[in-house]
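Accompanying notes for the structure given below.
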Amino acid sequence: MADYEPSQIEPKWQKFWQEKGLNKAEDFANKPKFYCLDMFPYPSGAGLHVGHPKGYTATDIISRYKMMQGFNVLHPMGWDAFGLPAENYAVKTKVHPDKSTHQNIEHFKEQIKSLGFSYDWSREIDTSSPEYYKWTQWFFLFLYKNGLAYKAKAPVNWCPKCQTVLANEQAQNGQCERCESEVEQKNLEQWFFKITDFCEELLLGLDKIDWPEPTKIMQKNWIGKSEGYEIDFTIKNQEQKIEVFTTRIDTIFGCAYLVVAPEHSAISSLKLQISNIKEVEEYVAKAKKKSDRDRQADIKDKTGVKLEGIMAINPANNQEIPIFAADYVLASYGTGAIMAVPAQDERDYEFAKKFNLPIVEAANSWEMAEKGIAKKKINYKLRDWLVSRQRYWGAPIPIIYCAKCGQQPVPEKDLPVLLPTDVDFMPTGESPLTKSKEFHNVRCPVCGAKAMRENDTMDTFVCSSWYFLRYTDPKNNQEFAAKKLMDYWCPVDCYVGGAEHTVLHLLYARFFTKALYKAGLISFDEPFLKLRHQGLILAAGGEKMSKSKGNVINPDEVVKQYGADSLRVYEMFMGPFDQAISWDTQGVKGVKKFLDRIFRVAQNIKSEVVQESLKKLLHKTIKKITDDIEAMKFNTAISSLMILNNEMEKEKEIAREIMEKFLMILSPFAPHLAEELWQGLDKKESIFLEKWPEYDINLINDEKINLIIQINGKARGSIEAVRGIGEQEAVGLTKKDQKIAKWLENKEIKKIIFVQNKLINFVI
RNA sequence: GCCGAGGUGGUGGAAUGGUUUACACGUACGACUCAAAAUCGUAUGGUCGCAAGGCCGUGAGGGUUCGAGUCCCUCCCUCGGCACCA
């Protein structure tokens, strides 16, 4: 038999599986369903990165394993195809994003297919196709009609380089998520989705899903629930009041002054009463000009200005206290005003020190709350999701503006609102759609007068907030997906993807699901029951792979040199799945060597001899692999396959029944090699149609055990004994052992600890 | 600053409170070869010792326990996230 040549065998079996329709998910099949999903990729021009196959291999192992266990598996793949890079590329090269995106998709698909993943390609989706974004637009209308999409003028994050607004989640640290430019604040009229309506549901749902705990905590923190009180402070000799929010109403006796945000309405409404209004307005103007980043730059150095001429009255003790405007108080949170308690709050303390304000120590008292001065209030940090983008390559927002009838949704029958092609992509701060003539050739759906379309497109995260639903019914042109099919396949049983989407995609998709559930369109309220993150694959030195550093590993090269199975097994063997680990090409070589050895061992099959010891090890390995796949501990699963193979190598002949089962448990990891060797055993059908082997519990417990002997808790040796040996017997055996006996000589045994089948410890 | 994860050989890592270092990489030596590659075999935590064997070893220091990488406390370091949210 020839040597193991991955390049010879891999395409052959990929074709075979494809032709047999092995990966097709069957709607309503009479089997339990299992929906196993990857976060679909953005088809970038750079092609597949070695990080992509890490997650994809994990879901492939699980999918193939579940298939063999008799599940009806849905394992789809598609493209998160809208987005800025394609548009930026178009600006640079004049290649239309539609063209470059589809070239990229073809390239990605070819690369993914070369790795032998069991995707059901008949369900492939592309978010940039009108058949798909028609329904993205439908979702916009759905939210709009349910009062969950609204247009409002608000301070928003503006990226000067991308020339578009960004959601809060995309402007963390005051930087654009895409290009890392410093974002600016602009007051603009934009479309928002009312995710804040679901704060409570989004928090509560976390308790019933199997997600990594840190991911849940991050979502929790991002939603940022805090329970407190709102209290009115009256202004001396004025009608007007200033309402503050506090979580520590008990400290109200220590309140030394009030602080309002520079944007607070009291500043203009009390304009006439503020004697230093000029100075105040100067401060406000300066603060407004500052970017968020500048405001945060020196947290310790608080700035502010006193509002002279007015005093507030502390309702707890009727004390008159001064009022300040300072930018350490945020207009966007709570009431935009706080009661400052320098004795208790670090920020108030710093401000008080700088402005020489009294630091009043006061006994804390919760009584105030009951006195009715304050009313209970819950605040959240979560802001509504800003979805407008002043860019071209996205789904147009389906809204029409009529001079007479105002803002009108596009009627559902007129969807999709197609992206026009007669545009200049050069970003100018306005949506490129503004410049299209054909796009604006529209009439008001209400009165029929000439009207204008909305020029902005939607954030691409809108497209990815519902894609997992579309896979259940990808060709439907009547609705985004049939309820029956969504309810059959969903929720997703196992979802794998990077941790970087914790407060973006993963939060948005949960929001969509909850909105649909509330409207009765689906029967589940969490989209992803079980979620796991793959750890990054770093470059050899432990730093991130990047084009500029020239340390990027191209998966095509690895497949070419070592084969897809080697790449797959290596990426699973590197270490714990969720951990970031450096790439090591030596490790790939080692895995290839392992597969070579399997290939050679498989040549020694003889059907008669069944070595009992090998059979026992096989059954232990079946148990280990089964448990490890369930727990996604792929690295230890592979090591146990190596151990078994090492043992098989020592035998001249391997029983056919042992080899067959070995190939079955190998098959999810190295599907091509397993299928090749399986077919070498004169099989007609694919190995993946076999039933996943079960282990014999009687074979996994050895009759002989190794009893560890300890003296004072220190291991001093071991003896072989029969399973279930009693303490008396074990002590007897131990004392006969020369090596141990010398430790016990002339010593008084104070105590014996005996752990059955494990150890015996003499305390002397 | 706050939240989270982690610190085990030369390297990636393994380890229900029970022989620390499975499995793999690397290295050394040996076999095969004219030679190299590939392959196979042996060794491989540190230290003392000719050896038998001893002692020390999971970031540091304490504690609980017959026994701690694992549990508890204090601290140090690395990585990820958030960051004036009252």
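Values below: all heavy atoms of this structure, side chains included; hydrogens, waters and symmetry mates excluded. These numbers were taken from a predicted model, which means no experiment stands behind them. Each chain gets a letter, A, B and so on, in the order its sequence line appears, and its residues count up from 1.
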Practice task
Using the P atom on both, measure B:rC76 against B:rC66 and round to a whole Å.
Solution key: 32 Å

Exercise for the section: Check every strand shown and say whether A:Asn635 touches a base, only sugar-phosphate, or nothing at a heavy-atom separation below 4.0 Å. Expected result: sugar-phosphate

Handout entry: Shortest side-chain distance from A:Pro576, nucleotide among B:rG81, B:rC3, B:rA14
Key = B:rA14

Exercise for the section: Could you tell me whether the phosphate oxygens of B:rA86, OP1 or OP2, come under 4.0 Å of any side-chain nitrogen or oxygen in A:Tyr328? Expected result: no

Problem - Nearest-Å distance once atom C1' is located in both B:rC32 and B:rC40 - result: 8 Å

Practice task
Quote, to the nearest angstrom, the P distance that separates B:rU58 from B:rG45.
Solution key: 16 Å

Handout entry: Sugar-phosphate, base or nothing in reach of A:Asp584, heavy atoms under 4.0 Å
Key = sugar-phosphate

Handout entry: Phosphate contact (B:rC66 OP1 or OP2) by A:Lys751 side-chain N/O below 4.0 Å
Key = yes

Exercise for the section: Using atom OH of A:Tyr257 as one end and atom C1' of B:rA86 as the other, report the distance to the nearest whole Å. Expected result: 11 Å

Exercise for the section: For B:rC75 versus B:rG4, give the span between their P atoms, rounded off to a whole number of Å. Expected result: 15 Å

Problem - Shortest non-hydrogen contact between A:Phe662 and A:Leu618, atoms and distance - result: N-CD1, 4.0 Å

Practice task
Tell me what A:Gln586 touches on the nucleic acid: a base, only sugar-phosphate, or nothing, going by heavy atoms under 4.0 Å.
Solution key: sugar-phosphate

Fill in the blank from the handout: Side-chain contact check for A:Val755: nearest option of B:rG18, B:rC23, B:rC3 is B:rG18

Exercise for the section: Rounded to whole angstrom, note down the P distance from B:rU65 over to B:rG1. Expected result: 35 Å

Practice task
Have a look at A:Lys592 and say if it touches a base, only the backbone sugar-phosphate, or nothing, with a 4.0 Å heavy-atom cut-off.
Solution key: nothing

Practice task
Determine the interatomic distance between C1' on B:rA22 and the same-named atom on B:rA15; round to the nearest Å.
Solution key: 8 Å

Handout entry: Heavy-atom side-chain proximity of A:Lys735 to A:Ile740 below 4.5 angstrom
Key = no

Problem - Integer angstrom distance from the C1' of B:rU44 to that of B:rA36 - result: 25 Å

Practice task
Please determine if a side-chain N or O atom of A:Lys714 lies less than 4.0 Å away from the OP1 or OP2 oxygen of B:rC56.
Solution key: yes

Practice task
Indicate whether any N or O donor in one side chain lies under 3.5 Å from an N or O acceptor in the other, for A:Glu169 and A:Trp222.
Solution key: yes

Problem - Interatomic distance at C1', B:rU11 relative to B:rA60, whole Å - result: 24 Å

Exercise for the section: Just compare B:rC55, B:rA83, B:rG4 and give me whichever is closest to any side-chain atom of A:Trp222. Expected result: B:rA83

Practice task
For A:Ser640, answer base if it contacts any base atom (sugar-phosphate contacts may also be present), sugar-phosphate if it contacts only those atoms, and nothing otherwise; contact means non-hydrogen atoms under 4.0 Å.
Solution key: nothing

Handout entry: Presence of A:Asn646 side-chain N/O under 4.0 Å of B:rA24 phosphate oxygens OP1/OP2
Key = yes

Practice task
Look at all strands and tell whether A:Ile581 reaches a base, only sugar-phosphate, or nothing, counting heavy atoms closer than 4.0 Å.
Solution key: sugar-phosphate

Practice task
Classify the side chain of A:Lys758 versus the base of B:rU19 as yes if they form a donor-acceptor pair under 3.5 Å and no if they do not.
Solution key: no

Practice task
Return no unless some side-chain N or O of A:Lys593 is found under 4.0 Å from OP1 or OP2 of B:rC25.
Solution key: yes

